[in-house]
Amino acid sequence: MLNWTILASDTPSKEQRMKQFAIRSTGTEPSVLELISETEGGFYVRIVHRHEEWEDVREEFLAKDLFDTCLRTGYIMEMSA
């Protein structure tokens, strides 16, 4: 197990934290979508699919319309901070 020491100055402000969304899936391991940045047309996101012994991490662009559809249909759900 890793232990982390975070100094107060190293703690990101609320505005700097990336919003995270759980991705609905049939697997037992959780998958997460993280917002990296927002543009006029959409979002740059990091998608992390966790598997038993490894992670698949991808960064992609997601159009606002598709993001809104995923949120509205429950495919993604915002995780509490």
Side-chain angles (χ1 to χ4, degrees):
M1 178 176 236
L2 295 175
N3 291 319
W4 296 90
T5 302
I6 299 176
L7 302 174
S9 62
D10 293 336
T11 305
S13 68
K14 189 173 184 176
E15 294 78 27
Q16 293 172 318
R17 292 185 199 132
M18 291 184 282
K19 284 191 177 183
Q20 293 186 330
F21 297 82
I23 301 172
R24 185 184 341 157
S25 68
T26 57
T28 57
E29 299 295 325
S31 295
V32 176
L33 180 141
E34 301 173 339
L35 296 183
I36 297 172
S37 65
E38 183 176 359
T39 67
E40 189 174 311
F43 301 92
Y44 286 96
V45 299
R46 178 177 299 118
I47 301 169
V48 181
H49 295 288
R50 292 185 175 90
H51 302 277
E52 191 172 310
E53 296 186 20
W54 56 282
E55 289 184 344
D56 177 23
V57 180
R58 292 180 289 155
E59 292 186 358
E60 311 226 356
F61 180 80
L62 188 61
K64 278 190 179 183
D65 290 345
L66 181 55
F67 178 83
D68 290 341
T69 298
C70 290
L71 196 56
R72 187 178 66 251
T73 60
Y75 183 70
I76 60 173
M77 296 178 67
E78 188 168 1
M79 299 168 67
S80 58

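In this pair, His49 and His51 present their aromatic rings tilted. The plane angle is within the 30 to 60° band.
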For side-chain contact (heavy atoms from CB on, under 4.5 Å), just list the numbers for Arg46 and Glu60, CA-CA rounded to whole Å, side-chain angles, deciding distance to a tenth of an Å, and then say yes or no. CA-CA 6 Å; Arg46 178 177 299 118; Glu60 311 226 356; over 6 Å; no
Stepwise side-chain contact (heavy atoms from CB on, under 4.5 Å) check, Tyr44 with Leu62: CA-CA 6 Å; Tyr44 286 96; Leu62 188 61; over 6 Å; no
Tyr75 vs Thr69, test: side-chain contact (heavy atoms from CB on, under 4.5 Å). Steps then yes/no. CA-CA 8 Å; Tyr75 183 70; Thr69 298; over 6 Å; no
For the pair Ile47 and Ile23, evaluate side-chain contact (heavy atoms from CB on, under 4.5 Å) and give the outcome as yes or no after the intermediate values. CA-CA 9 Å; Ile47 301 169; Ile23 301 172; 3.9 Å; yes
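In this structure, the side chains of Val32 and Arg50 come closer than 4.5 Å at one or more pairs of heavy atoms. Considering only heavy atoms from C-beta on, Phe21 stays 4.5 Å or farther from Val45 through its side chain.
No chain of hydrophobic side-chain contacts below 4.5 Å, direct or via other Ile, Leu, Val, Met, Phe, Trp or Tyr residues, connects Val57 to Met18.
With a 6.0 Å radius and a threshold of 12 heavy atoms from other residues, nucleotides or ligands, Glu52 has its CD atom at or below the threshold. The number of heavy-atom neighbours closer than 6.0 Å to CZ of Phe61, taken from other residues, nucleotides and ligands shown, is above 12.
Of the residues listed (Leu33, Leu35, Ile36, Leu66), the one engaging Phe43 in a side chain to side chain contact (heavy atoms under 4.5 Å, CB included) is Leu35, and it is the only one. Of the candidates Met79, Glu78, Glu34, Lys19 forms a side chain to side chain contact (heavy atoms under 4.5 Å, CB included) with just one, namely Glu78.
Salt bridge present: Glu38 and Lys64 bring a charged side-chain N and a carboxylate O closer than 4.0 Å.
Looking at Arg58, its side chain never comes within 3.5 Å of a backbone N or O of Val48 through a donor-acceptor pair.
Between Thr73 and Arg24, the shortest heavy-atom distance links the atoms O-NH2, 3.0 Å.
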